[in-house]
Each structure stands twice: as C-alpha cells, then as structure tokens.
Amino acid sequence: MGNKKKVLFSGIQPSGVLHIGNFLGAIKQWVPMQDEVDEAIYCVVDLHAITVPQDPKELKENILKTTATYIACGIDPKKSSIFVQSTRPEHTEMTWLLNCHASIGELSRMTQFKDKTVSGKEQASTIGLFDYPILMASDILLYQSTHVPVGDDQKQHVELARNIAQRINNKYGEIFTLPEPVIKKSVARVMGLDDPTKKMSKSAGSGLNYIALDDGADDIKRKITKAVTDSGSEVKSGPDKPALTNLLNIYSEFSGKSVTDIEVEFAGKGYGEFKSSLAEVIIESLKPIQKKYEEVISDKAGLIKILNTGTEKIAPIAHKTLRELKEKIGLGL
Ligand code: TYM
C-alpha cells in the first residue's frame with residue numbers, strides 16, 4: 001500500500017450477543033493492528049442494527065455493552081477511536097450520495113441480503129436492509145480507510161465499497177482511497193457448533209450454535225460437549241471433516257498452537273478428551289476478557305466519555321470527505 005496513510009476502519013452491530021465468531025473473525029485481528037496503522041477507528045454500528053427490528057431500550061444498552069466488549073477484548077481508547085455510528089450525521093448523508101451512484105442490480109447481488117430475507121418475501125424487508133451495504137460503504141469511505149478487517153461474510157460488502165469509490169473517482173476525480181478487506185483465512189468463517197455447514201451466527205435458531213463471549217464455564221463445556229463431530233474418531237482436520245476442522249481452528253486461535261501440533265497432541269485420544277481440553281482453552285481465554293468487561297461496563301460515564309472523545313477525534317475526517325464529495329458533485333450554493 002506504499003507510503004499512503006494506513007487507516008483501519010471496522011465495526012460490529014450492537015444487536016445483542018457477541019460470539020466467538022465475531023471475536024476470532026474480527027476483534028482479535030483488530031487488537032494487534034492498532035499498532036500497525038496510522039489511524040484505527042472502531043465503530044458501534046447502531047444504524048446497521050435497525051435494519052431489522054430492535055427493542056429501543058435494549059438497543060441503547062447494547063451500544064454500551066458492545067463498546068465495553070471492544071475495550072475488554074483489547075481495543076485501547078488511547079490508541080484508537082471508538083464511536084457510535086449514529087452520533088455522526090455524515091454517515092447517513094454520505095449514504096444518500098453513494099445511493100445515487102450505485103445500482104439496484106449490484107445491491108441485488110449481495111448474498112447477505114439474500115440470506116437475511118426469506119425467499120419470496122423480499123418485498124416485505126425494509127429498504128434499510130437492502131441498502132445496508134451502502135451505509136457500510138459510507139462508513140469505510142468517509143475515513144479514507146485502507147484496511148478493513150472483517151470476517152468472510154463482509155468481504156463482498158467491502159468490495160462493493162471499493163467499486164463505488166472507484167466509480168466516483170473516475171467520474172469526478174480522485175476523492176476516495178480504495179479500501180482492502182483484511183481477512184484471516186483460518187477464522188474467516190467460524191462455523192456453527194451445531195451445524196458446521198453454516199457460519200456461527202447470533203441469529204441462529206439454537207443457543208448451541210455459538211459460544212457467547214459472556215458464556216460461563218458450564219455453558220461452554222455443555223456447548224462443546226454437544227458440538228457436532230464428523231464420522232470416525234480421529235482428531236484431524238481436512239475437507240471431508242468440516243466439524244473437526246472448525247473445532248481445531250477454534251482451538252488453534254485460542255491456544256496459539258498450530259493445528260498440526262494439536263492433531264499430534266490428540267493422536268489416538270478420541271473426541272471426548274479433545275473436546276474437554278478445547279472447552280478449558282476457551283474458558284481460560286475468555287476469563288480475562290469477562291473480568292475486564294465487568295470492570296468497564298460498571299463505569300457507564302467512563303464509556304460515554306470514551307465514545308464522545310472518539311467521535312470528536314474522527315469528525316473532521318468525515319466532514320472533510322463529505323464536503324469534498326458534495327463540492328465535486330455540484331451540490332449546494
Ligand atoms: P456483524 O455485526 O454482523 O459482525 C461483526 C464482525 O464479525 C464477523 N463475523 C464473523 N467472522 C467469522 N466467523 C463468523 N461466524 C462471523 N460472524 C460474524 C463479521 O464478518 C464482522 O467482521 N456490516 C457489518 C458491520 C459494519 C462494518 C462497517 C464492518 C458496518 N460498517 C464498516 C467493517 C467496516 C456487520 O453487520 O457485521
């Protein structure tokens with residue numbers, strides 16, 4: 001990426017449970033990157049959350065809970081800006097400008113929209129859900145982001161942001177930096193514990209699908225014990241072993257050991273022993289995060305201060321990009 005300023009932008013919806021898929025696929029990658037970029041911006045994307053129904057009181061609480069989770073996982077407000085999307089009006093204004101440079105056809109190709117709507121009932125979903133990738137493009141492009149660390153399910157959206165940026169640059173002259181998704185292959189798609197053919201998801205029907213970041217030891221043991229395995233009894237990853245591959249990748253990420261080393265460690269030992277060790281590894285890894293979370297969430301005034309400082313710091317960047325784009329488009333007086 002040459003000598004260009006490195007700007008990282010990423011975000012998570014404050015829509016309740018955060019699980020180890022969000023942690024391994026996104027937040028865990030964010031932490032070391034804070035020291036590798038010139039500007040790191042982490043957003044709590046509440047406007048994305050309302051693309052599906054939300055309880056207003058819960059949403060408000062979840063905004064602070066998500067912020068506390070960022071900090072508990074290692075995002076340092078001294079190094080990074082943390083802010084709430086709806087506190088910066090530039091995001092919605094930019095969305096309109098980008099809407100007018102994107103086609104219904106390209107948004108119709110977004111697989112997440114297809115996944116989130118019931119087939120045949122697309123007409124009943126909100127325009128917000130359809131337009132969600134444009135709001136995400138606004139988030140990314142407003143800050144001239146270069147690095148966007150996300151899980152695999154967001155890759156298509158980052159590519160759309162890049163395409164729209166390129167289109168606008170071609171039409172009006174250089175305005176936007178082109179963003180790149182940053183995706184760690186082994187945890188790009190952490191799969192459901194109850195169904196390793198589908199990604200781990202907070203909207204999955206069963207609580208056995210995921211381990212929440214605030215799950216206690218008993219729940220973690222129960223969910224790992226019940227996790228689906230493949231036929232056979234060997235602790236081995238491979239294309240014909242989707243369940244074990246997923247569990248081994250999770251083990252590897254939490255323990256720092258390579259998948260091969262873990263396979264060697266459990267050679268000839270069977271699923272039971274592997275699973276109880278995996279549960280322990282997850283319990284021990286989440287313990288310090290849970291402890292820090294309790295500390296951080298108990299100081300609501302402190303959290304709000306962090307969010308206000310974050311939004312003030314990044315406001316001039318968003319404001320400048322928006323002003324430049326409006327000028328190029330020929331808007332206003
Ligand atoms: P969201 O809130 O659905 O998910 C947050 C992050 O977690 C990742 N993720 C996963 N990674 C691996 N395995 C899984 N099973 C898994 N489930 C979720 C997601 O890929 C994501 O990185 N629209 C986005 C948030 C957003 C955003 C942005 C991200 C809004 N604006 C700008 C980056 C840049 C979303 O709804 O993510």
Side-chain angles (χ1 to χ4, degrees), residues 7-30 33 40-52 54 59 62-63 65-66 69-70 73 75 83-86 88 90-92 94-95 98 110-113 115-116 128-162 164-165 179-204 209-213 245-246 249-250 253 314 318:
V7 180
L8 181 160
F9 188 101
S10 202
I12 294 185
Q13 295 188 44
S15 42
V17 182
L18 289 185
H19 51 68
I20 59 169
N22 301 121
F23 177 69
L24 300 178
I27 314 178
K28 188 165 177 275
Q29 323 304 325
W30 299 356
M33 288 183 80
I41 307 172
Y42 300 104
C43 188
V44 178
V45 291
D46 55 349
L47 294 170
H48 276 103
I50 61 162
T51 57
V52 295
Q54 299 288 339
L59 178 60
N62 285 336
I63 289 171
K65 285 183 179 171
T66 305
T69 304
Y70 286 5
C73 291
I75 301 304
F83 80 106
V84 179
Q85 191 183 32
S86 67
R88 292 271 25 110
E90 290 86 355
H91 291 249
T92 41
M94 180 63 110
T95 299
L98 299 190
M110 295 294 115
T111 55
Q112 193 173 80
F113 177 71
D115 291 347
K116 283 193 174 181
L129 189 63
F130 185 66
D131 204 30
Y132 156 137
I134 301 291
L135 177 61
M136 181 163 160
S138 301
D139 299 340
I140 295 168
L141 300 181
L142 272 173
Y143 302 95
Q144 307 290 355
S145 312
T146 51
H147 295 60
V148 185
V150 283
D152 189 56
D153 60 332
Q154 299 299 326
K155 185 170 176 229
Q156 197 186 25
H157 296 157
V158 182
E159 284 165 355
L160 177 77
R162 191 182 164 91
I164 295 173
E180 292 274 4
V182 180
I183 296 175
K184 185 165 181 190
K185 201 159 167 264
S186 59
V187 279
R189 191 168 275 264
V190 177
M191 307 309 266
L193 298 177
D194 61 344
D195 179 0
T197 64
K198 296 202 181 85
K199 71 164 186 158
M200 184 176 284
S201 165
K202 49 196 160 199
S203 49
N209 172 275
Y210 57 81
I211 290 176
L213 291 183
T245 302
N246 189 40
N249 282 335
I250 294 173
E253 275 296 318
I314 49 101

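Ligands are counted one by one from 1 in listed order, and the atoms in each one are counted from 1 as well.
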Number the atoms of ligand 1 from 1 as they appear, then name those within less than 4.0 Å of a heavy atom of Gly25, with their elements. 11 (N), 12 (C)
Which atoms of ligand 1 sit under 4.0 Å from any heavy atom of Val187? 12 (C)
Would you please determine whether Tyr210 falls within less than 4.0 Å of ligand 1 on a heavy-atom basis? no
So which heavy atom in the protein is nearest atom 25 (C) of ligand 1, and how far is it from that ligand atom? Gly11 O, 3.4 Å
Quick one: list whatever passes side chain to side chain contact (heavy atoms under 4.5 Å, CB included) with Gln54, sequence neighbours left out. Ser15, Ala49, Ile50, Val52, Leu59
Find all atoms of ligand 1 within a distance of less than 4.0 Å from any non-hydrogen atom belonging to Phe9, and give their numbers and elements. 32 (C), 34 (C)
the protein heavy atom lying closest to atom 13 (N) of ligand 1 turns out to be Val190 N, 2.9 Å
Kindly determine whether His157 and Phe113 satisfy ring pair (Phe, Tyr, Trp, His ring centres under 6.0 Å), including the steps that lead there. CA-CA 11 Å; His157 296 157; Phe113 177 71; over 10 Å; no
Tell me, with the steps shown, if Met200 and Asn209 meet side chain to side chain contact (heavy atoms under 4.5 Å, CB included). CA-CA 6 Å; Met200 184 176 284; Asn209 172 275; 3.7 Å; yes
Select the closest option to atom 19 (C) of ligand 1 among Val150, Asp153, Ile20, Ile41, judged by heavy-atom distance. Asp153
State if Ala188 counts as touching ligand 1 under the rule of any non-hydrogen atom under 4.0 Å. yes
Nearest to atom 11 (N) of ligand 1, what protein heavy atom do you find, and at what distance? Gly21 O, 3.3 Å
Does ligand 1 have any atom sitting under 4.0 Å from a heavy atom of Lys202? yes
Before giving the answer on side chain to side chain contact (heavy atoms under 4.5 Å, CB included), spell out for Val158 and Ile183 the whole-Å C-alpha distance, their side-chain angles and the decisive distance to 0.1 Å. CA-CA 11 Å; Val158 182; Ile183 296 175; over 6 Å; no
With distance as the sole test, does Asp152 use its side chain to make a donor-acceptor pair with the main-chain N or O of Arg189 at under 3.5 Å? no
Close-contact set for ligand 1 against Val148 heavy atoms, below 4.0 Å: 33 (C), 34 (C)
What is the nearest protein non-hydrogen atom to atom 5 (C) of ligand 1, stated with its residue, atom name and distance? Ile12 CG1, 3.5 Å
May I ask you to identify the nearest protein heavy atom to atom 31 (N) of ligand 1, giving residue, atom name and distance to one decimal place in Å? Asp139 OD2, 2.6 Å
Of all residues at least two apart in sequence or in a different chain, which pass the ring-ring contact (aromatic ring centres under 6.0 Å, His included) check with Tyr42? Trp30
Of the listed options Gly192, Ala26, Ser10, closest to atom 6 (C) of ligand 1 (non-hydrogen atoms): Ala26
Pair Ser186-Asn249, side-chain donor/acceptor within less than 3.5 Å: no
The closest protein heavy-atom partner of atom 35 (C) of ligand 1 is Tyr132 OH, 3.2 Å
Report the nearest protein non-hydrogen atom to atom 37 (O) of ligand 1: residue, atom name, distance rounded to 0.1 Å. Gln154 NE2, 3.6 Å
Is there a side-chain contact between Met33 and Val182, using heavy atoms and a 4.5 Å cut-off? yes
What do you reckon, does His19 put a non-hydrogen atom under 4.0 Å from ligand 1? yes
First locate atom OG1 of Thr245, then atom CD1 of Ile250, and finally report the distance between them rounded to the nearest 0.5 Å. 11.0 Å
So how far is it from Leu142 CG to Thr95 OG1, rounded to the nearest 0.5 Å? 8.0 Å
Test item: Leu18 and Phe23 side chains (from C-beta on) under 4.5 Å apart, heavy atoms: no
Nearest protein heavy atom to atom 2 (O) of ligand 1, by residue and atom, and its distance? Gln13 N, 3.0 Å
